[in-house]
Each structure stands twice: as C-alpha cells, then as structure tokens.
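Read through the structure below, which is laid out as structure tokens, and then see the notes.
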Amino acid sequence: MARPLVLKGARVVTMDPGRRIVDGDVVVEGGKITSVGRAGGRAAGRTVIDCTGLIILPGLIQAHIHLCQTLFRGFADDLALEAWLAKRIWPLEAAHTEESVYWSAMLGAAELLLGGTTAILDMETVRHTGAAFEALESIGLRATAGKCLMDAPSNPKSLREPTERALQESADLCAKWHGAADGRLRYCFAPRFVPSCTGPLLRAVSDLAERAGAVIHTHAAETPLELQIVKRDTGNDELSYLDSVGISGSRAALAHCVWVDSEGIARLARQQTNLVHCPSSNLKLGSGIAPIPEMLAAGCRVAIGADGAPCNNRLDAFEEMRTAALIQKPRLGPESLPAAQVLELATLGGARALGLEAEIGSIEVGKRADLTVLDLEGLHAQPAEADLISRIVYSARASDVRHVLVDGRVVVKDGVLKTAKVEEIRRAANAQARRLRRAVGL
Ligand SMILES: [Zn+2]
C-alpha cells in the first residue's frame with residue numbers, strides 16, 4: 001500500500017454537517033481521508049505536501065458533462081438548441097471514431113482536473129463509449145459515464161439505433177465498467193432526452209438501472225419547444241411522463257430543468273429527483289434561467305455542471321458557481337443564491353446526483369480522498385480578510401488550483417497534470433478536431 005500522505009498546514013473547507021472550516025492537516029491513507037485537523041508532528045513513513053497558506057476544498061463535482069463534445073468547442077457558437085443539435089452537434093457526434101472519442105475525453109478530463117473538478121456525471125455519444133472509459137481510466141478522473149441512447153424514429157439516421165441494440169450495448173458497457181478502477185468509474189444509463197427515445201426504451205432503462213444500482217442521466221425541460229414536442233407525442237408534460245416511465249427519484253439526474261412550474265418543483269422535491277443546473281449553457285443557448293432558489297427552498301436536490309464544451313465553452317466549475325449565483329440576482333434580488341449555497345451545489349449536491357454522497361462531496365474521515373487545493377494569493381482574490389467562501393465562489397478561478405487528489409492519488413501537483421502529457425493531448429486533440437470538422441464540411 002502507498003505511504004500515508006499528509007496535506008499539511010492548510011485552511012480546510014470541510015463541507016461537513018457543521019460546515020466547519022478548520023486550520024490543520026488532511027491525512028490520506030489507502031485512498032481515504034483518515035484524519036482532518038492536527039495530525040501531529042512529522043511521523044516517519046509519511047509523504048508530506050506543504051499546504052501552508054493554501055485552501056483545501058472537497059474536490060468539485062460537475063454532474064452534467066459531455067466529454068465527447070470537447071473537440072467541438074467553438075464549432076457551434078451562437079445557435080439555438082434545436083439548430084445547435086441538428087446542424088452541428090449530431091453530425092459531429094456521428095463523425096466520431098474511437099480515436100476521436102478517446103482524445104475528446106482526454107482533453108475534457110485534463111481541463112477538468114487542472115481546474116479542480118474531481119468527479120463528473122458524463123453523457124457520451126451513441127458509439128465508442130468504451131474509448132471514453134479507457135481515457136478516464138488512465139487519466140484518473142472519477143466519472144460516472146454512459147452511452148447516449150437515441151432510438152426514436154425522429155432521430156438523424158446517422159445516430160439512431162434499434163432499441164434492442166442500444167439497450168444491449170448499454171448493458172454490456174455497464175457489466176464492463178460499472179465499478180471499474182476500484183470503483184472510481186461507474187456506468188450510467190443515458191437516454192439523450194425524451195424526444196430522442198421511445199417509451200419502451202425509457203422503461204427498460206429504468207429497470208436496467210435499478211438492477212445495476214446505476215444512475216439514469218438525461219436532459220429535461222431545457223426549452224419550451226422540447227416541452228411542446230413531448231406534450232404532442234405523449235399527451236403528457238415532460239416531467240410527469242419521465243416519472244411514468246420510471247425516470248424520477250434519487251437514481252435520476254435531470255440536466256437543465258429550466259422550464260418547471262411550481263407544481264413541477266414540488267413534485268421533483270417530493271421524489272428527490274436530482275436536478276443539474278447548467279447556468280452557462282442555459283445562457284449561451286438562450287434557454288432561460290432555471291428557478292434554482294425556488295427549487296432549493298422547496299427541498300429539491302440540485303447539482304451543477306458545465307454541460308458540453310460547445311455550449312459553454314469552458315468546463316470550469318468556478319465559472320459555473322459564480323454564474324449560478326449571479327444570474328438569479330436580477331430576477332430575485334441580490335440576496336438570492338448566496339455563495340455558501342452555491343458551493344453546496346458543486347460539492348454535496350454533485351455527490352448526491354452521482355449517488356456517492358457516502359463517499360465524496362465533503363472532507364470527512366472515512367470518505368474518499370478527492371481534494372482540490374487552492375492558492376488564493378492572487379490579487380484577484382485579495383484581501384485575504386474577506387469571507388473565505390465568498391473568495392472561492394466569486395473570486396477564484398480554475399487557474400488558482402495548485403494540487404488535486406482523486407482517490408488519494410495526486411493527479412495535479414503544483415498546477416501540472418501528472419497522469420498525462422498536456423502537449424500530447426493538445427496535439428492529438430487538434431488533429432482529431434481537424435478531421436471531424438472536415439468530415440462534416442464545416
Ligand atoms: Zn447536455
């Protein structure tokens with residue numbers, strides 16, 4: 001077993017039930033946190049990372065990401081969701097090969113780790129999901145990922161799959177990857193959204209996920225047009241329809257939920273369905289502003305995510321936290337969605353959406369050692385006298401991340417990725433993006 005690791009002399013934002021901020025050390029052993037506070041002198045046999053003057057946070061969690069779209073960054077700007085999907089994203093996804101999915105995942109995962117995100121809920125494309133898992137296995141990010149399911153007749157031919165084949169491949173991927181890399185990798189069942197999927201597929205997904213103990217990851221209530229299509233096709237409103245096919249409750253994570261009325265909010269709270277707020281994506285695609293303060297007041301489970309690179313265009317958890325807070329204020333006043341609440345979305349909320357609240361999301365003895373170490377000495381985060389949570393949510397940037405641990409493994413040290421070569425990722429990702437762009441005639 002690896003030697004115990006001591007992160008020494010930091011301010012530790014625990015996010016424990018008392019929301020304690022303690023000055024001291026975090027000790028990591030066998031991938032877990034074994035002590036928080038004063039660890040005592042320099043015991044022999046320990047590796048020490050000096051964290052004097054640094055801040056330790058629970059690793060940030062983004063519960064809605066599409067790693068397969070990282071190579072499309074900047075190829076689909078300034079379009080509405082429907083055109084964005086039909087003209088750019090779907091053709092580009094259809095042009096993916098195993099190699100391009102691999103490098104898309106490496107590019108996204110490297111950006112995420114360097115920016116302090118340690119765990120994600122990911123939706124891949126229809127094909128080559130195994131290549132994304134291989135990238136995730138080697139780069140060391142914690143991920144729950146799934147193959148995108150699109151079996152409805154209305155889908156583009158290039159991505160549409162027969163129901164049985166889509167379900168079989170999902171079950172095979174789940175058997176191979178759910179619990180891989182000592183539990184760091186997990187599988188999720190990922191129907192794209194209701195208009196892309198048949199009723200029988202959605203019902204089967206609910207059964208398969210229940211049997212496997214896996215999360216269901218989908219999009220919902222992103223635009224009024226989507227709601228109209230679902231109403232036309234099913235006669236039902238989208239969230240009721242999802243519930244009727246078994247996609248609700250703590251096993252389900254629904255990205256966006258922008259267009260939900262108070263009745264819908266009350267139902268989501270009752271069900272304890274996870275909602276994943278993607279503020280930058282909702283702004284860039286012009287989808288709207290999700291009623292997050294109302295959802296939190298009703299007792300909903302809320303997480304946060306950057307969505308895919310082409311609708312953001314960053315995969316930066318700090319940017320998402322800041323944006324989530326700011327966009328509510330013109331609507332409900334400056335008191336709404338304060339910094340401390342936003343930090344919960346990116347830690348405890350994300351852990352719940354991944355079904356991993358017993359393992360990650362806070363710095364507590366017994367939890368997995370997923371940690372983000374920040375250096376807030378930069379002038380943009382001064383004065384240091386200010387409230388620490390305010391500095392993290394409103395002032396900090398991804399580039400302030402100094403060290404990152406996932407499962408006790410140091411994956412970023414002194415701002416340098418240790419598990420892959422950034423130059424190689426840059427070169428390969430650019431070559432693959434060039435090929436994809438030509439393939440779709442952009
Ligand atoms: Zn999405």
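One-based numbering, in listed order, for ligands and for the atoms of each.
A centroid separation of 6.0 Å or more is found between the aromatic rings of His64 and His277.
Around the Zn ion (ligand 1), protein N, O or S atoms at less than 2.8 Å comprise His64 NE2, His66 NE2, His219 NE2, Asp307 OD1.
Inspection of the Asn313 and Arg73 side chains reveals no N or O donor paired with an N or O acceptor under 3.5 Å. A donor atom on one side chain and an acceptor atom on the other are not found under 3.5 Å apart for Glu124 and Thr129. In summary, the side chains of Glu99 and Thr97 do not present any donor paired with an acceptor at a separation below 3.5 Å, with no hydrogens or angles considered.
In this structure, Glu335 has no salt bridge (Lys or Arg N to Asp or Glu O under 4.0 Å) partners at least two apart in sequence or on a different chain.
A side-chain hydrogen bond (donor to acceptor under 3.5 Å, both in side chains) with Ser196 is found for exactly one of Thr218, Asn155, Asp151, namely Asn155.
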